[in-house]
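Just so it is clear: chains get the letters A, B, ... in the order the sequence lines come, proteins before strands, and each one is counted from 1.
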Amino acid sequence: MAKQNYNPAEIEPRWQAYWEEEGVFRCLNPGDAGFDESRPKYYVLDMFPYPSGAGLHVGHPEGYTATDIMARFKRMRGFNVLHPMGWDAFGLPAEQHAIRTGTHPAISTAENINMFRRQLKALGFSYDWDREFATTDEEYFRWTQWIFSQLYERGLAYVSEVPVWWCPEMGTVLANEEVINGRSERGDFECERRPLKQWMLRITDYAERLLADLDGLDWPESVKTMQREWIGKSEGAEVSFQVAGHQDAVIDVFTTRPDTLFGASFMVLAPEHPLVDQITSAAQKDAVADYKRMAASKSELDRTDLAREMSGVFTGAYGLNPLFAADDPRAKLPVWIADYVIVTYGTGAIMAVPAGDDRDFRFTQEFDLPVPAIFAPKTGDADRDAAIAAGKECFVGEAPYINSSNAEIDLTGKSMVEAKKLVIEYLSGREVGKSKITYRLRDWLFSRQRYWGEPFPVLHYEDGSHALVPDSDLPITLPEVDDYRPSGRPEALLAKAEDWVKTRDAAGRECKRETNTMPNWAGSCWYYLRFLDPKNSQRFVSEAAEKYWMPVDLYIGGVEHAVLHLLYARFWHKVLYDLGQVHTKEPFQKLYNQGMILSFAYEDERGATVPVSDAEEDGEAYRHKKTGVPLKQVVAKMSKTLQNVVNPDEVISDYGADTLRLYEMFMGPLADAKPWNTKDVPGTHRFLNRVWRLICPEDSEQGSIHAHLAAERDSDADLERLLHRCIHKVAGDIERLAFNTAIAAMMNFVNEATKAGDKLSRSQALRFVQCIAPFAPHLGEELWSRLGGGEVLVYASWPLVDESLLQDDMVEMAVQILGKLRARIQVPADAGEDVILEMARAAVKDQLAGKTIRKEIVVKGRLVNFVAN
RNA sequence: GCGGAGGUGGCGGAAUCGGCAGACGCAGCAGACUUAAAAUCUGCCGGCCUUUACAGGCCAUGGGGGUUCGAGUCCCCCCCUCCGCACCA
């Protein structure tokens, strides 16, 4: 028999095979034979990956290890745990690969999934693989199409011709959320606005609920803030302005500050505003046309550049302030067009109040327009106050009103809230205004012109009408095409499949299939529901499974999905809730974002990147191995260009999966970004080795353990105390996702147990092994089995903690004088204040000599502080 | 500009409720074992100063002020880093 030490390459595949063969992680549903409904449930979910051709990188196992520890811990705590994994497999990369190689996306996707599955299994994650599916499976996207039909029937899906983002490089349109500063979020390609006929989803109908329901969620505040900002609710008023000399023209504006209407001195329309041509005077016609042309040619980036100067042109028309009579000189407001007003927000027109708005004020400075003062603030800066009251500076906020009255209302002395109310009441009474809520959120542009996505279950007729494909005909599958290359025109790729497009409806009428496909986000909008009941052919999920498992108790993934995926999924979920298909208003009760794993990279003096393999440490500095030039160490995202990518397969082959899992959890807090340090990995591996040697003799025969662990005997009291503390600390830390400190606690125990030699008892060894098993499950099972722990460790219940053992009989306390440490004393844990004080005084007798004690502070178990001088 | 998170040894980080700053790990130093090395084990390991030693003192959590017997933690001002939003009326 071969002698062996800790050998992950041998034990890890063995236990993985065992788990799989025995179906250890199979998770039962209500109604299944053997399902125990007395146990509480726990649904712990990873954001499922897009299976790219590059395989797993070290960022993936970070979140996956965290959820796996939680899943394993909750199982040991007696929960029914649902911990599934699947594939977000529609998307552009597979299609681009197809363009390059001619391989059908379905084939490369299947290959990538196989690679990902193999890599994930090598990490020992406790997924119920029986529930695995890909969004590209017909039996899955059948229901994605079905949900679309539900949206359609509720009037939440519609076709509209609106200006949308078209990305020529990707050959598709994109949603607002996918375009940042006029460039695509994926790939960073230039995009342009084009009016195109597209499918839209009415997410704006849910804006208020998407906003309000954030409050009840246990999510990172930063993500909630991002969603709130994206929804962008603002409360104010809509005000209608007559246009002098144009009976049929009314300019509606949206304002959050109706109380400043008395200070309106001009108006601004977006250059694209539909009224511009109608109201422009003959004299201004050319100037306006020129300006419109200029604004249209500007890229989105130029238009949103804050630093640039304000531009605009007078239209020659005048709006009339509804607070004043038409012949009152204060009523007449020149109407300008300017590109600082954007057509897609509010009504695309504003009333300009330079005394109360910084942008409007800057505009008056640019074009030398008057600034009627409406505020007289007391900011404490007398010069500034005077300038504001004189209309020489603007003031944004709440301040006492001046010059704000007409024959019927007077804002003098009113608060902002009162003033807003007064003005809105005045306007409503005359039907020239009303209170109004505006959202920044736009409807979701839901169609793409690409191949590798879900087809729409929609038929088009010659007369321009369209209808849904009946549910019984779902799924609509993708046709075969020869050529995946985009045409360069905004035209759907599926249009090339003419035989597929031309079809007949159930009644035999000729019609054409919708040729757009759904965006990548569609599949991830409801996958968490399908995991509950993935094989159901009658419903997208059974009622019983949905009622039992929802909501997701813990959802871990990257912060990059803060707005897109998480907002879209919440929207669909709420629609399903309204349809009575799910019973919770929100899908994800607790959300947690893991931080990005960064890596060191090296730059020479010119800032050029040097491959990590060419850098060497030279004392405190770094230099190039070959040329010797000094290098600077930087922390950066892992990338091919920086040549600092760490490959998880290599880490596993060098140290094993347990070491990789443990290292990623030990690096630092889960939520933080942190650099991968190759030199630290052996440290965690050493720790696992120490755990091994604590239980197995060096060069042991297979399956052997230390002689003193072979039979049960009395446990050493000190070690028992340390063990209880360790178990308690680890359990608490897992609950709060503080895995780094949990590991530190286990290291402490192992250090102490190692020093204690053969005092460790079999029972203690078994309990410690249970404690470490969620982190290093293969090592855990192996040692559990060698110690004779019985059945598989996965379902052994978490060791009990005796609260009374968490504290020592004697505790060390600090003795301070004026807050400075002067001595330490050992006192019985249950000692009274008198006893403690007596011992403390004795301990610092010399330092107290000649001083008067003014006050004595005792914090039991911590310290004594003498206020003495 | 607005909003959010953060700044602690040579490095990653700990300090959960205002109570002994630096747990745990890495790197480093010294020693044991070894013919030697690796591996392993033990000890030391924030800075400055006093001291033969034992010990002891002072400073220290980005900077400055404050509250408190006591502040990494609370309050005010400032600096820096990262993230999000960005003419949103």
Please output the side-chain donor-acceptor pairs of residues 233-240 of chain A that fall under 3.5 Å, not counting sequence neighbours, one pair per line with the distance.
from, atom 1, to, atom 2, distance (Å)
A:Lys233, NZ, A:Glu208, OE1, 3.0
A:Lys233, NZ, A:Glu208, OE2, 3.1
A:Ser234, OG, A:Tyr345, OH, 2.9
A:Glu238, OE1, A:Lys436, NZ, 3.0
A:Ser240, OG, A:Asp252, OD1, 2.7

Original post:
Roughly how far apart, to the nearest Å, are B:G9 and B:C45 at atom C1'?
Top reply: 10 Å

**OP:** Round to the nearest Å and state the distance from A:Tyr345 atom OH to B:C85 atom C1'.
**Re:** 13 Å

**OP:** Could you pull out all residues at least two apart from A:Asp758 that satisfy salt bridge (Lys or Arg N to Asp or Glu O under 4.0 Å)?
**Re:** none

**OP:** Kindly say if A:Arg440 contacts the phosphate of B:A86, meaning a side-chain N or O under 4.0 Å from OP1 or OP2.
**Re:** yes

Subject >> Spacing of the P atoms in B:A23 and B:G10 (rounded, Å) >> reply: 14 Å

Original post:
Which atom pair, heavy atoms only, marks the closest approach of A:Cys191 to A:Ser184?
Top reply: SG-N, 3.6 Å

**OP:** Check whether any side-chain nitrogen or oxygen of A:Lys679 sits under 4.0 Å from OP1 or OP2 of B:A27, and answer yes or no.
**Re:** no

Original post:
How about A:Phe666 and A:Phe687: are their ring centroids closer than 6.0 Å?
Top reply: no

Original post:
What heavy-atom pair brings A:Asn644 and A:Ala636 nearest, and what distance separates the two atoms?
Top reply: ND2-O, 4.0 Å

Original post:
Expressed in whole Å, how much space separates the C1' atoms belonging to B:C24 and B:A15?
Top reply: 12 Å

**OP:** Using both pair distances under 3.5 Å as the test, note the stems of at least 3 consecutive Watson-Crick or G-U pairs that include RNA chain B.
**Re:** B:1-7 with B:79-85, B:10-12 with B:24-26, B:28-32 with B:40-44, B:46-50 with B:55-59, B:62-66 with B:74-78

Original post:
Which residue pairs satisfy the salt bridge (Lys or Arg N to Asp or Glu O under 4.0 Å) criterion with at least one member in residues 219-230 of chain A, sequence neighbours excluded?
Top reply: A:Asp215-A:Arg228, A:Glu221-A:Arg228

Grab the N/O contacts between the protein and nucleotides 44-51 of chain B below 3.5 Å, and write none if there aren't any.
none

**OP:** Map A:Thr684 and A:Asp360 onto RNA chain B by nearest heavy atom, then report which one ends up closer to the 5' terminus.
**Re:** A:Thr684

Original post:
When all nucleic acid strands are considered with a 4.0 Å heavy-atom cut-off, which category describes A:Glu812: base, sugar-phosphate, or nothing?
Top reply: base

Subject >> Separation of atom CD in A:Gln847 from atom C1' in B:G57, rounded to whole Å >> reply: 11 Å

Subject >> Residues that A:Asp358 engages under salt bridge (Lys or Arg N to Asp or Glu O under 4.0 Å), provided they are two or more places apart >> reply: A:Arg362

**OP:** Apply salt bridge (Lys or Arg N to Asp or Glu O under 4.0 Å) to A:Asp360 and list each qualifying residue two or more places apart in sequence or on a separate chain.
**Re:** none

Subject >> Pair listing, side-chain hydrogen bond (donor to acceptor under 3.5 Å, both in side chains) test, anchored in residues 842-854 of chain A, at least two apart >> reply: A:Arg854-A:Asn869

Subject >> Shortest side-chain distance from A:Asn751, nucleotide among B:G25, B:A27, B:C41 >> reply: B:G25

Original post:
Taking the P atom of each, how far is B:G1 from B:U73, in whole Å?
Top reply: 26 Å

Subject >> Side chain of A:Lys820 (C-beta onward), nearest among B:C59, B:G84, B:G25 >> reply: B:C59

Original post:
Expressed as a whole number of Å, how far does the C1' atom of B:G72 sit from that of B:A14?
Top reply: 12 Å

Original post:
Considering only the P atoms, how many Å lie between B:A71 and B:G66, rounded to the nearest integer?
Top reply: 12 Å

Original post:
Can you give one letter per nucleotide of nucleotides 74-83 of chain B, 5' to 3': B if a protein heavy atom sits under 4.0 Å from the base, S if only from the sugar-phosphate, - if neither?
Top reply: ----------

Original post:
Judged by modelled atom types alone, do A:Asn5 and A:Arg693 share a side-chain donor-acceptor pair under 3.5 Å?
Top reply: no

Original post:
Closer to the 5' end of RNA chain B via nearest nucleotide, is it A:Arg686 or A:Gly232?
Top reply: A:Arg686

Under 3.5 Å, which donor-acceptor pairs link side chains of residues 724-735 of chain A to any protein atom two or more places apart or in another chain?
from, atom 1, to, atom 2, distance (Å)
A:His724, ND1, A:Asp802, N, 2.9
A:His724, NE2, A:Glu720, OE2, 2.8
A:Arg725, NE, A:Leu806, O, 3.2
A:Arg725, NH2, A:Asp808, OD1, 3.2
A:Arg725, NH2, A:Asp808, OD2, 3.3
A:Lys729, NZ, A:Asp733, OD1, 3.4
A:Lys729, NZ, A:Asp733, OD2, 3.3
A:Asp733, OD1, A:Arg736, NE, 3.2
A:Asp733, OD1, A:Arg736, NH2, 3.1
A:Asp733, OD2, A:Thr741, OG1, 2.8
A:Asp733, OD2, A:Ala742, N, 3.2
A:Glu735, OE1, A:Lys74, NZ, 3.3
A:Glu735, OE2, A:Lys74, NZ, 3.4

**OP:** Indicate, with a heavy-atom threshold strictly under 4.0 Å, whether A:Arg690 touches base, sugar-phosphate, or nothing.
**Re:** sugar-phosphate

Original post:
What integer number of Å spans the P atoms of B:G13 and B:A89?
Top reply: 38 Å

So which protein nitrogen or oxygen atoms get under 3.5 Å of nucleotides 11-19 of chain B's nitrogens or oxygens?
from, atom 1, to, atom 2, distance (Å)
B:G12, O2', A:Met667, O, 2.6
B:A14, OP1, A:Asn740, ND2, 3.0
B:U16, O4, A:Lys729, NZ, 2.1

Original post:
Judged by atom type as modelled, is there a donor-acceptor pair below 3.5 Å linking the side chain of A:Arg822 to the main-chain atoms of A:Gly819?
Top reply: no

Original post:
Are any of A:Arg822's side-chain N or O atoms less than 4.0 Å away from OP1 or OP2 of B:G57?
Top reply: yes

Subject >> Under the salt bridge (Lys or Arg N to Asp or Glu O under 4.0 Å) test, residues paired with A:Arg841 that sit two or more places apart >> reply: A:Glu856

Original post:
So how far is it from A:Leu779 CG to A:Tyr6 OH, rounded to the nearest 0.5 Å?
Top reply: 5.0 Å

Original post:
Looking only at atom C1', what distance separates B:C58 and B:U51, rounded to whole Å?
Top reply: 15 Å

Original post:
So which nucleotide from B:C85, B:A89, B:U42 ends up closest to the side chain of A:Val341?
Top reply: B:A89

Subject >> Distance, rounded to the nearest Å, where A:Phe775 contributes CZ and B:G25 contributes P >> reply: 16 Å

Subject >> A:Val651 vs A:Trp676, side-chain contact (heavy atoms from CB on, under 4.5 Å): CA-CA, chis, key distance, verdict >> reply: CA-CA 12 Å; A:Val651 181; A:Trp676 181 280; 3.8 Å; yes

